[in-house]
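Shown next, in structure tokens, is the structure this report addresses.
This one's a predicted model, so the numbers in the text were calculated from it and none came from an experiment. Hydrogens, waters and symmetry mates play no part in the numbers below; they use all other heavy atoms, side chains included.
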Amino acid sequence: MQDTHSNSALNNFRKAVATGDFLITAEVAPPKGGNATHTIEMAATLKGRVHAVNITDGSRAVLGMSSLAASVILLQHGIEPICQVACRDRNRIGIQADLMGAHALGIRNILALTGDPVKAGDHPDAKAVFDLEAVRLLQLIKKMNQGVDFNNKILNDGALDLFAGAAVDPQSASWSGLQSRFEKKIEAGAQFFQSQLITDFERLEKFMDQIASRYNKPILAGIFLLKSAKNAQFINKVVPGVNIPDHIIDRLAKAKQPLQEGMKIAAEQVQMARGLCQGVHIMAVKKEDAIAPILDLAGVGKVN
């Protein structure tokens, strides 16, 4: 079943950023294989509930379909994608080629990422590239939007029009490192920021007050659906820099229906984030159909 949408670009997310709306994005994993049916079904549950859907690019260095291809498939079904681009797997030639292709295919939103280390993933012996990292990738996107390539040579067939964002981790152990990297990303052209998963909302508030408030760029707080106490412990173990507190793990452990409890916790976090920043980025790995119910629990209505 295919929507009749052409590959015309969708710009609702960019418009919502400009008008200062409370922004809602969510993450959907690309397929592992050639059949995108499941990814399309999961993304379809988010229509009218989020401004855009992130497609990950080898998140945790685990193999999945190209984020560019999966983003185009979503666009064909009338769902606005945010195409993640990680620097781990491609050099500057490959990345520029993909960015030109993304623009030509109607993709407008790009999340510029350095990328997780290869050793973390399912192909630990693969060769990592890391020709660029997130700040230099943002600088490159800015150049291409101005009509030149990495080497300042004219793009004969037209400038790009990409809306670039970046990741931020307000819970980073190094406050000065967090500030300096955030400011470099702003300077390099980041128009929005999606955060890593947040558990310490006091820390998020401090980040908003002391660092982000000067720059007037939207911060979307990362909200992660924890499915059980075991799932929370696993996240603590494998995701660097994350510390899910004991009181949340205990709450999940005591719950008769841990998934429902996890959804309640996520909804509470959406409400907390709403008072602190301009949006939320919801991650519900393999349970993307739980995102709309989480938004309902949080009292967040449909988006325009």
Side-chain angles (χ1 to χ4, degrees), residues 9-28 30 46 50-59 67-68 70-71 74-75 79-88 95-96 98-99 102-103 106-116 132-146 160-170 172 178-198 204 207-208 211-224 273 276-283 303:
L10 288 170
N11 280 300
N12 298 335
F13 178 64
R14 193 187 306 205
K15 284 177 197 148
V17 168
T19 51
D21 294 6
F22 184 70
L23 303 165
I24 303 155
T25 58
E27 205 155 278
V28 171
L46 301 169
V50 303
H51 292 95
V53 172
N54 280 52
I55 292 282
T56 55
D57 183 13
S59 177
S67 55
L68 174 53
S71 294
L74 289 200
L75 193 58
I79 297 156
E80 183 166 355
I82 296 175
C83 180
Q84 296 191 357
V85 177
C87 298
R88 176 191 56 242
I95 287 173
Q96 288 176 97
D98 280 352
L99 292 171
H103 171 93
I107 306 295
R108 290 293 175 263
N109 309 308
I110 301 287
L111 191 76
L113 300 168
T114 299
D116 299 313
L132 306 176
E133 47 65 59
V135 173
R136 292 175 79 205
L137 174 52
L138 287 163
Q139 290 165 344
L140 169 61
I141 292 168
K142 192 195 264 189
K143 280 186 172 192
M144 296 183 87
N145 282 344
Q146 291 163 350
L160 307 190
D161 177 27
L162 299 173
F163 191 61
V168 64
D169 183 7
S172 166
L178 166 64
Q179 179 161 1
S180 133
R181 191 113 178 108
F182 180 75
E183 287 170 353
K184 278 182 185 145
K185 286 178 179 179
I186 293 265
E187 208 175 306
Q191 300 298 317
F192 66 94
F193 288 84
Q194 291 173 324
S195 95
Q196 312 288 17
L197 78 99
I198 300 287
L204 174 64
F207 167 74
M208 291 305 303
I211 297 176
S213 59
R214 275 174 258 167
Y215 296 100
N216 198 28
K217 296 289 179 199
I219 310 294
L220 284 76
I223 308 292
F224 192 92
L276 298 173
C277 56
Q278 200 190 322
V280 287
H281 174 58
I282 306 179
M283 297 162 272
V303 302

Identify, with sequence neighbours excluded, every residue that meets side chain to side chain contact (heavy atoms under 4.5 Å, CB included) alongside [X].
X	result
Ser67	Ile55, Asp57, Cys83
Val303	Ile24, His51
Cys277	Leu204, Met208, Ile219, Ala221, Ala273
Lys142	Gln146

Can you name the closest pair of heavy atoms from [X] and [Y] and give their distance?
X	Y	value
Lys185	Ala134	CE-CB, 4.0 Å
Leu23	Pro218	CD1-CB, 3.6 Å
Ser195	Pro170	CB-CD, 3.8 Å
Gly106	Leu75	O-CD2, 3.4 Å
Gln179	Ile211	CB-CD1, 3.7 Å
Gln84	Glu27	NE2-OE1, 3.6 Å

Q) Can you tell me if Arg88 uses its side chain to pair, donor with acceptor, with the backbone of Thr114 under 3.5 Å? A) no
Q.
For the backbone of Pro81 and the side chain of Asn109, can you confirm whether one donor and one acceptor N or O come within less than 3.5 Å of each other?
A. yes
Q. If you look only at pairs with a residue in residues 9-23, which of them pass as a salt bridge (Lys or Arg N to Asp or Glu O under 4.0 Å), with sequence neighbours excluded?
A. Arg14-Asp161
Do [X] and [Y] make a side-chain contact, defined as non-hydrogen atoms from C-beta onward lying under 4.5 Å apart?
X	Y	result
Gln191	Val17	no
Val280	Leu220	no
Leu111	Phe192	yes
Ile79	Val28	no

Separation between [atom1] of [X] and [atom2] of [Y], rounded to the nearest 0.5 Å:
X	Y	atom1	atom2	answer
Lys143	Gln96	NZ	CD	8.5 Å
Ile282	Leu197	CD1	CG	13.0 Å
Met283	Asn54	CE	CG	9.0 Å
Leu74	Ile107	CG	CD1	8.0 Å
Leu99	Ile110	CG	CD1	5.5 Å

Test of understanding: with side-chain hydrogen bond (donor to acceptor under 3.5 Å, both in side chains), list the residues that count as partners of [X], not counting sequence neighbours.
X	result
Glu187	none
Thr25	Gln194, His281
Asp98	Arg90
Gln278	none

(Q) Walk me through whether Arg181 and Val135 qualify under side-chain contact (heavy atoms from CB on, under 4.5 Å). (A) CA-CA 8 Å; Arg181 191 113 178 108; Val135 173; 3.3 Å; yes
Q. Quick one: salt bridge (charged side-chain N to carboxylate O under 4.0 Å, His left out) partners of Arg136, sequence neighbours excluded?
A. none
**Q.** Pairing residues for Phe182 by the ring-ring contact (aromatic ring centres under 6.0 Å, His included) criterion, not counting sequence neighbours
**A.** Phe193, Phe207, Tyr215
